[in-house]
Amino acid sequence: MGLEFRPTEHSRRIFERARSLFPGGVNSPVRAFRAVGGSPPVIASGSGPRITDVDGNSYIDLVASWGPLILGHANSDVVRAVQEAALDGFSFGAPTEREVLLAELITSAMPSIEQLRFVSSGTEATMSALRVARGFTGRERILKFDGGYHGHSDSLLVAAGSGVLTLGAASSAGVPETWASSTLSVPYNDLQSVEDAFHRYPADIAAVIVEPIAGNMGVVPPKPGFLEGIRAITRDYGAVLVFDEVITGFRVGLGGAQERFGIGPDLTCLGKIIGGGLPVGAYGGRRELMGLVSPEGPVYQAGTLSGNPLSMAAGIATLQLLFEPGVYPWLNSLGERLAVGLRGAADAAGVSLQIQRVGSMLTPFFVDQSVRDEQAAKRSDTERYGRFFHALLDRGVYVPPSQFEAWFLSLAHTEPDVDAVIQAVGEAMSEAAKVG
Ligand code: KE4
């Protein structure tokens, strides 16, 4: 697997042009490799479990475009569906049957979603869901969790995870203090702090928004009773419970985390997988809440490309394949195989590693204790993760360029692909083990 020399000339030239055109040379911060150093390869194409850069280097891909590509790259069914949709026209700004078909698939998999609205990103989905919650309750405050990332709308960039956590900033410049102050952020997996927040603001909190399995501080599963407790508290205090399932929706099971844990949120936010890699988001839930959304009710939300036919076609083709029997047990077995390989490599290299996994999403944390919240995640050895990352890249394995993200497997990854990753992990781990 070792790449004796990985040519990077074309990537460097193109990235230089990109740096003059885009902030940091990228259209989303984490892509700039600031957390791991170096200059990112410019990707030319993807097929199945692999991506290839403009210098011809091929990588087994465990980023999966940050989650959407659960079928792998350029899945033939999805390509065909998008091609057919494109021949029918790209966008109409009018009702289409494809949006109905995708919504019927989603609501059949997630019965808590009685009605939904498509948007074009996860950010739009969470922003809109919180507006509905505020409209429904007449309250202003939102409660989120440290390290939780729900997109870049102003009131949610408070103690956010993912890119913001990776960049070391606990909130963003440009967010008015008055807006940030309406958002409470407490430690994940700390039910007492949720109770305390509601005790302090018993009639002010419109909603609690939570990643039911955190993915944006790395993968941090909920402690037993944590989600159940939030459900009970929000019900007792009349606040809306919003599950941000942009990552976990159709990732950890057909019914997402809410099915896995048997908890019915009031609203759910989706994205990523439901668009099969094309721009998409969705929010939905109880009809009583969604009935407030314009033009039915007073909560305004709109979007030129909402329900875009090509995104809908990609989403329909993707979900139809996910409805096949055996999909999630298989994805889980691939995840287990990789986790066992990571464990073996860490033990052989004498490296402290916490592997936290749910199904086909996982994070290897370079830390000596379980990671239950953002503070624990921050104790990870991000320098060592950076060395590990580059040692894998040099061996043809492309993982997230940040300790605080999730690795994703897909239905396109075979057991030999996972074994090839494990081989590279073994070599990279011992390289990363060397100090400094
Ligand atoms: P988008 O606006 O990026 O489509 O979705 C925002 C979002 C909302 N909720 C959750 C749980 C999310 O994970 C995300 C976006 N995830 C990040 C990385 N984990 C996307 C990658 C990026 O920002 O470049």
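In each ligand, atom 1 is the first atom listed, and ligand 1 is the first ligand listed.
Within ligand 1, counting atoms from 1 as listed, the ones closer than 4.0 Å to a heavy atom of N216 are 10 (C), 11 (C), 12 (C), 13 (O), 16 (N), 18 (C), 19 (N). Ligand 1 places these atoms under 4.0 Å from at least one heavy atom of G151: 6 (C), 7 (C), 8 (C).
In this structure, F389 has its ring center closer than 6.0 angstrom to the ring center of F33.
At distances below 3.5 Å, at least one donor-acceptor pair connects side-chain atoms of Q356 with backbone N or O atoms of V219. Here the side chain of T126 pairs a donor or acceptor atom with the backbone of H150 at under 3.5 angstrom.
No donor-acceptor contact under 3.5 angstrom links the side chains of S333 and E336, judged on distance only.
Within the 4.0 Å heavy-atom shell around ligand 1 one finds I247. Not close to ligand 1: R31, with no non-hydrogen atom less than 4.0 angstrom away.
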Working note: Y237 + I205, criterion side chain to side chain contact (heavy atoms under 4.5 Å, CB included); need CA distance, chi angles, decisive distance, verdict.
CA-CA 8 Å; Y237 284 87; I205 299 174; over 6 Å; no
Y149/F404 under ring pair (Phe, Tyr, Trp, His ring centres under 6.0 Å): CA gap, chis, key distance, verdict:
CA-CA 11 Å; Y149 177 70; F404 307 114; over 10 Å; no
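Ligand 1 has no N or O atom lying under 3.5 Å from any N or O atom of T126, backbone or side chain. Polar contact with ligand 1: present for S28 (N/O pair, distance under 3.5 Å). For the pair E211 and ligand 1, the shortest N or O to N or O distance does not fall below 3.5 Å. The shortest N or O to N or O distance between W66 and ligand 1 is not under 3.5 Å. The N/O atoms of V246, backbone and side chain alike, include none that comes under 3.5 Å of an N/O atom in ligand 1.
Counting heavy atoms under 4.0 Å from ligand 1, residue E124 does not touch it at all. Looking at H152 against ligand 1, nothing comes within 4.0 Å, counting heavy atoms.
Atom NE2 of H73 has more than 12 neighbouring heavy atoms from other residues, nucleotides or ligands inside a 6.0 Å radius.
Taking the centre and axis of the six-membered ring of F366, the NZ or CZ atom of R384 falls outside the cone set by 45° and 6.0 Å.
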